[in-house]
Amino acid sequence: MSQATENLILTLPDGSAREVAVGTTPLEVAADIGPRLAKDAVGAEVEGKLVDLRQPLAEGGAFRLFTAKDAEAGIFIRHSAEHVMADAVKRLWPEVEIDVGRIDHSEKFQYDFRFPRAFTPEDLEQIEAKMGEILAEDSTFERIEVSREEAARIFAEMGETLKVERLKDIPEGESITIYRDGSFTDLCRGPHVQRSSQIGAVKLLEASGVYWKGDETNEMLQRIYGTAFAKKEELASYLEQVEQAKARDHRRLGVDLDLFSFNEHAPATPLFHPKGAEIYNTLVDYIRELQNRRGFEEVITPQILDVDLWHLSGHYDNYREAMFFSEVDEREFAVKPMNCPTHCLIYKTRLRSYRDLPVRYSDFGRLHRYERSGVTSGLTRVRSFAQDDAHVFCTEEQIEAEVLAMISTIMEIYDTFGFESIEIELSTRPAKSLGTAEMWAKAEEALKAALGNADIDYTIHPGEGAFYGPKVDFQVNDALGRQWQLGTVQLDYSMPERFELEYIGADGAEHQPVMIHRAMLGSLERFIGILIEHTGGAFPLWLAPVQAVVLPVSEKFLEYGETVREQLRDAGVRVQLDGRNEKLGYRIREAQLQKVPYMLVVGAREQEAGQVAVRLRTGEDRGAQTVAEFLPGLRELVESRSREL
RNA sequence: GCCGGCAUAGCUCAGAGGUAGAGCAGCGGUCUUGUAAACCGCAGGUCGUCGGUUCGAUUCCGACUGCCGGCUCCA
């Protein structure tokens, strides 16, 4: 009981150390440094954790104070703006009940309300205006620690029944704080700014209905999203950034680059135009080449199979609501949502020896899954797609080597596309699953052993596995910093059992093989969508649907342009000739917008010397060279699947 | 599936209760073009679909379809 005498050491960014008593607040530290800092501070950080200026410090360590100039201030500002918004809503509609705000304030804030109708865009304007009034009041954010009972009483008195419910979710023993600013009181762990005037610019973004606690069976609340910054200019630049991101949107680029389209007659299923199909097929060629070198054999399997098969595989029971069905000759068929059952059928066509294993089947077959209407989006979530799918049938002893080989291939592929910082996740048995506990334990252990022995870092996602087995998923970050799940390696003891798959072991007895499901790019559609946004449509040369365009300076050089095109075409280059009656600048601009890697200008000088003037889409001018000089470099880049030009 | 928004020419968008306009693209001409948009002209639309209100609807109302932003879901 000597808390009053205990001291903490705080290390400031300049390296200096300060000794303060336990229970000192960051604000007091700021005041000690200088009155100006105390006034301007919006928040603090201890050992990398953001803390409220009024929160008594319990531990020392690396210590920082933030003012509006620091990027971190945004977290405090948006979290505080969130309360101001809730205050505004309550002032406008006193009967509204509040639920909770957002956890991640790195970009946005949000608040959920129990409100009898949806908020309209006009409501948002009104709320934003009211927020302006509240900000003008420049009220102070007050932090109060209360007991659980006190908190329950306060919110019950305020009629905030959702809040009282939420209070029950706070683990016993955790301290409970409430924040007050203006006329608003909320259960909140903070941290917040000191005064509302530190919130310089606010914008409400959109409203939407959300399920309470994210559960579809719960009532729907109304959520409002917004963002806030210390300065108006920061808000403007954020909105500008959002606007610019739209230019990279694969749905936008898909139209601009003439890659694919969608049609009302086939919702959520893309129609690939020639250029999109070129990319698609080039990707398939790449994967095919890579995996065939590693012992995979490609198979082609039916699109539509008797529903009996899907009963046998377990898909019907687990996945029926996401399948397409068709009745013909009074017989029920299902369109395949996965390839694995058909691969089991091939496996079973003859007696397998342990000497045959592993059997590795790959399949680029088209799959159909009925995705609920509200969830589809561009190429990233479609109802018809193909995967770079494969299934390996092997013995238990072979699992580790197979999984490791898959992982190394997957990493090689991601490297080709320039995806970095790949995160690996191990997902374990979900609630809805096939097979016994022992099967699952064995499968999960096998994957852990493979990952562990290869010294691969991974995180465990409990209950996120496939219904037939645990899996290792690969998350990549694209150029825009977004995370996507691409590859997956899934262990399956269940399907072999259901299909009664066997092999004859060295002991002459029958054994059951293990099945490994594998995808690397995942859905090709989705991968193309991600790649479009990752590259902004400027595909690496080997994938570019048009690799070079020949541009005669005028009609007079059209004929020479044609001979150049023929030379390149014969060499296997995807080349076009733009001999339209337009100025060179016009056609350059167009090729540039189409992100064609090479523009080959031919005029009098080039014709004379049998050359082409090489311009890159980067704007670089390579000068004049003969086709014979130009080709080898291009070929080398294509063959090595380089990202360079 | 749930909440909200949107739907006008190939694309981007304007418009009003009296059956529609611009820019770009397209087509025709002039120009014969040298590294990110030459000039002139022409054509192009059942205003997503169906129903209702109205003398009259593309405009107002409703349903449906599709798309967009969220929620949930994604074996």
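No experiment lies behind these values; they were computed from the predicted model shown. Every heavy atom of this structure was used, including side-chain atoms; hydrogens, water molecules and symmetry mates were not. Convention: sequence-line order gives letters A, B, ...; per-chain numbering from 1.
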- So which heavy atom on A:Gln485 is nearest to which on A:Asp473, and how close?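 That would be NE2-OD1, 3.4 Å.
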- Query: Considering heavy-atom distances to RNA chain B, does A:Arg252 or A:Met323 have its closest nucleotide positioned more toward the 5' end?
  - Reply: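 The residue mapped nearer the 5' terminus is A:Arg252.
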- Does A:Ser554 or A:Phe119 map to a spot on RNA chain B nearer the 5' end, using the closest nucleotide for each?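 The residue whose closest nucleotide sits nearer the 5' end is A:Phe119.
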Looking only at atom [atom1], what distance separates [N] and [M], rounded to whole Å?
N     : M     : atom1 : result
B:C55 : B:A7  : P     : 28 Å
B:U46 : B:U59 : P     : 16 Å
B:G69 : B:C27 : P     : 33 Å

If you take atom types as modelled and just measure distance, does the side chain of [X] reach the base of [N] with a donor-acceptor pair under 3.5 Å?
X        : N     : value
A:Asp256 : B:U12 : no
A:Tyr211 : B:G1  : yes
A:Glu371 : B:G1  : no
A:Arg381 : B:C73 : yes
A:Arg372 : B:C73 : no

- Going by atom types alone, do A:Arg498 and A:Ser313 pair a side-chain donor with an acceptor below 3.5 Å?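 Per modelled atom types, A:Arg498 and A:Ser313 side chains form no pair under 3.5 Å.
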- Phosphate contact (B:U33 OP1 or OP2) by A:Lys556 side-chain N/O below 4.0 Å: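 Checking A:Lys556 against B:U33: at least one side-chain N or O falls below 4.0 Å of OP1 or OP2.
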- Are any of A:Arg587's side-chain N or O atoms less than 4.0 Å away from OP1 or OP2 of B:A37?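 It does not, given that no N or O in the side chain of A:Arg587 lies less than 4.0 Å from OP1 or OP2 of B:A37.
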- Task: Could you label the plane-to-plane angle of the A:Tyr598 and A:Phe630 rings as parallel, tilted or perpendicular, counting under 30° as parallel and over 60° as perpendicular?
- Result: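 Correct class here is perpendicular.
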Which nucleotide in [options] has an atom nearest any side-chain atom of [X]:
X        : options             : result
A:Arg580 : B:G1, B:U33, B:G26  : B:G26
A:Tyr370 : B:C2, B:G1, B:G34   : B:G1
A:Glu206 : B:U35, B:C67, B:G70 : B:G70
A:Arg605 : B:G34, B:U33, B:U35 : B:G34

Using whole Å, what does the distance between atom [atom2] of nucleotide [N] and atom [atom1] of [X] come to?
X        : N     : atom1 : atom2 : result
A:Asn581 : B:U30 : CG    : P     : 9 Å
A:Gln594 : B:C11 : CD    : P     : 15 Å
A:Arg251 : B:G69 : CZ    : C1'   : 9 Å
A:Glu219 : B:C3  : CD    : P     : 14 Å

- A:Glu371 pairs by salt bridge (charged side-chain N to carboxylate O under 4.0 Å, His left out) with which of A:Arg381, A:Arg383, A:Arg526?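 For A:Glu371, the salt bridge (charged side-chain N to carboxylate O under 4.0 Å, His left out) test succeeds with only one of A:Arg381, A:Arg383, A:Arg526, which is A:Arg381.
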- Item | Residues, nucleotides or ligands: over 12 heavy atoms within 6.0 Å of A:Glu559 CD |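 Open: at most 12 neighbouring heavy atoms sit under 6.0 Å from CD of A:Glu559.
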